[in-house]
Amino acid sequence: MGKQPLSNLATIHYGKSQKEVQVHHSPYPIFGTGGQIGFASRPLFEAPAITVGRKGTLGNPLYSEQPFWTIDTAYAVIPKPNTDAKWLYYQLCNYDLESLNEATGVPSVSRDYLYRIKIFTVPLPEQRKIARILTTLDSAITRTEQLIAKYEAIKQGLMADLFTRGVGEDGRLRPSVSEAPELYWESELGWLPRGWEVKELDDVIRIIDCKHYTPNFTDDSGIPFVRPRNVKLEGLDFSDIDYVTEEDYQLLTDKHEPRKGDIVFSRNASFGVPCYVESDIRFAIGQDVVIMVETNTSSRFVYYTLLTDIIKRQIVQVSTGSTFGRINLGFIRKFLVPVPKSNEQLMISEKLKAIDKNIDQEKEVLAKLQLQKHGLMQDLLTGRVRVTIDEEGTTDGEFNG
């Protein structure tokens with residue numbers, strides 16, 4: 001037990017160019033520094049083992065259960081007897097491999113440097129149990145990520161239907177144009193349900209530009225000052241935020257104080273990112289950010305509209321060739337949007353809000369699992385917490401400590 005150099009636990013081999021062995025499909029993956037890049041006609045190394053970057057991406061070890069090929073910008077780390085490959089993989093994931101970079105240009109690490117890193121080592125039965133615990137968490141993380149991706153795919157498909165077919169009085173999607181053409185009319189935006197209108201965005205929601213004033217920023221206190229980088233689809237991101245004084249806040253928000261139900265819209269080169277404000281929190285907006293305030297049309301419905309291809313196509317058209325890296329406010333005001341009756345706006349919003357709730361719940365689960373894994377890696381891989389092994393050497397015990 002105690003720390004040992006990697007040279008005591010594994011052998012490190014150079015990878016080779018994959019050009020002569022790359023095929024369309026085979027049982028043998030080819031690993032580069034960033035992940036799998038294809039398949040090989042034959043393996044270069046036996047499994048289980050780990051690929052570690054030699055040049056470029058250094059901090060992304062890759063584990064393989066099957067024989068594999070590693071390209072020439074990476075190493076294959078082959079565990080020695082009495083070293084569990086999956087446990088060693090997690091140890092390398094937990095080590096700051098990027099700190100080994102010895103180049104001033106493209107990051108790179110020598111095999112000698114890699115051999116010298118010290119790893120806290122426990123007997124093989126403990127290694128196996130630690131690996132199984134962390135693998136179980138990884139499986140739960142993967143399942144949650146897949147569920148989030150499934151919900152997001154469902155949302156995208158449903159949005160495409162809801163904003164072209166709408167919802168009938170029975171709460172279900174209308175038949176398609178091909179099935180019931182009499183239910184539709186051909187608009188500037190394509191076929192829309194009869195009774196829907198096409199309006200300019202400025203006619204359905206109040207759009208307030210940021211005040212062109214440079215405030216005095218404070219240090220880690222005061223009122224958040226939202227810039228385009230803080231506007232994310234999942235919500236306002238205050239992790240990298242500037243703050244302003246109460247006095248400057250009043251100057252910046254003299255036209256409107258942001259509140260729950262508003263839309264914050266970034267009009268920079270990222271092609272327009274809308275964010276729906278879900279809670280009452282005080283903040284001011286900076287350059288290239290606008291606030292959209294509900295008037296005659298549901299702001300949540302407008303928010304979902306801004307996520308559709310209907311708007312994305314218009315954004316691309318007005319952003320092409322922009323020398324300022326942002327969408328002109330005049331163009332934003334003139335975006336064409338479909339407008340159904342208020343009760344249908346509500347039904348559409350509620351359907352999409354329900355899926356968003358599922359996505360948010362699964363993201364919370366994912367964050368908890370990732371935090372749990374991070375904590376366990378810090379505890380189990382450093383010896384801070386030890387696992388118990390029963391008398392027969394199996395790994396069904398509980399944690400010690």
Side-chain angles (χ1 to χ4, degrees), residues 1 3-95 97-98 100 108-139 141-142 373 377 380-381 387 389 393-395:
M1 293 184 293
K3 287 191 174 183
Q4 295 190 43
L6 183 58
S7 59
N8 288 359
L9 306 174
T11 57
I12 302 174
H13 303 267
Y14 288 97
K16 293 183 179 180
S17 172
Q18 76 282 12
K19 292 181 180 178
E20 295 183 1
V21 298
Q22 192 158 7
V23 294
H24 180 66
H25 189 75
S26 82
Y28 312 118
I30 299 173
F31 293 119
T33 57
Q36 184 175 345
I37 62 170
F39 298 91
S41 57
R42 57 185 173 84
L44 184 59
F45 301 105
E46 293 301 313
I50 306 110
T51 294
V52 173
R54 181 171 70 86
K55 290 184 178 180
T57 304
L58 306 182
N60 183 36
L62 304 164
Y63 177 77
S64 183
E65 290 278 3
Q66 63 263 24
F68 62 99
W69 189 283
T70 291
I71 68 172
D72 52 5
T73 59
Y75 298 115
V77 180
I78 312 298
K80 291 182 176 181
N82 293 321
T83 298
D84 182 80
K86 196 64 176 289
W87 169 83
L88 183 58
Y89 159 74
Y90 284 119
Q91 285 284 8
L92 292 172
C93 287
N94 201 45
Y95 193 92
L97 294 174
E98 292 182 350
L100 303 176
S108 65
V109 59
S110 71
R111 185 165 60 171
D112 287 343
Y113 271 38
L114 203 54
Y115 265 136
R116 292 176 200 166
I117 69 172
K118 296 291 185 69
I119 292 174
F120 183 84
T121 308
V122 294
L124 184 60
E126 279 191 62
Q127 294 178 24
R128 288 173 174 162
K129 181 167 186 180
I130 290 169
R132 190 157 70 236
I133 290 168
L134 295 175
T135 298
T136 299
L137 269 174
D138 269 343
S139 297
I141 288 171
T142 298
K373 178 187 172 184
M377 288 181 73
L380 300 180
L381 298 175
V387 295
I389 310 298
T394 59
T395 58

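Predicted model, so just to flag it, every value in this text is computed and none were measured.
Distance check, rounded to the nearest 0.5 Å: CD of Glu46 to OG of Ser64 gives 10.0 Å. Once rounded to the nearest 0.5 Å, the distance linking CG of Leu58 with OG of Ser108 reads 7.0 Å. Annotation: the span from Ile71 atom CD1 to Lys16 atom NZ amounts to 14.5 Å, rounded to 0.5 Å. Lys373 NZ to Leu137 CG: the interatomic distance, rounded to the nearest 0.5 Å, is 8.0 Å. For the atom pair CG of Asp138 and CD1 of Ile133, the computed distance is 12.5 Å after rounding to the nearest 0.5 Å. Considering CG of Leu134 and NZ of Lys86, their distance stands at 9.0 Å, rounded to 0.5 Å.
Heavy-atom minimum distance, Phe39 versus Ser26: CD2-O, 3.0 Å. Residues Pro29 and Pro67 come closest through the heavy atom pair CD-O, 3.4 Å. Shown here for Tyr113 and Leu100, the closest heavy-atom pair between the two residues is CD2-O, 3.8 Å. In plain terms, the two heavy atoms of Thr33 and Ala74 that are nearest each other are CG2-CB, 4.3 Å. Here the closest non-hydrogen pair linking Ile78 and His13 is CG1-CD2, 3.5 Å. Between Leu381 and Phe120 the shortest heavy-atom distance is O-CB, 3.6 Å.
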ask   = Please walk me through it: do Thr11 and Lys80 pass side-chain contact (heavy atoms from CB on, under 4.5 Å)?
value = CA-CA 7 Å; Thr11 57; Lys80 291 182 176 181; 3.9 Å; yes
Asn60 and Leu97: CA distance, side-chain angles, deciding distance, side-chain contact (heavy atoms from CB on, under 4.5 Å) verdict = CA-CA 8 Å; Asn60 183 36; Leu97 294 174; over 6 Å; no
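With sequence neighbours excluded, the residues satisfying side-chain contact (heavy atoms from CB on, under 4.5 Å) with Ile50 are Val52, Pro61, Tyr63, Val77, Leu88, Tyr89, Leu92. Checked against ring-ring contact (aromatic ring centres under 6.0 Å, His included), Tyr14 has the following partners two or more places apart in sequence or in another chain: Tyr75. Tyr28 is linked by a ring-ring contact (aromatic ring centres under 6.0 Å, His included) to nothing, counting only residues two or more places apart in sequence or in another chain.
In this structure, the side chain of Gln66 does not engage the main chain of Ala47 through any donor-acceptor pair within 3.5 Å. With hydrogens and angles disregarded, no donor-acceptor distance shorter than 3.5 Å links the side chain of Arg42 to the backbone of Val21. For the pair Tyr90 (side chain) and Met377 (backbone), a donor-acceptor distance under 3.5 Å is absent.
Counted by atom type alone, Thr51 and Thr70 present one or more donor-acceptor pairs between their side chains at under 3.5 Å.
Using a 4.5 Å heavy-atom cutoff, the side chains of Asp72 and Lys55 are not in contact. At a threshold of 4.5 Å between non-hydrogen side-chain atoms, the residues Gln18 and Ile37 count as touching.
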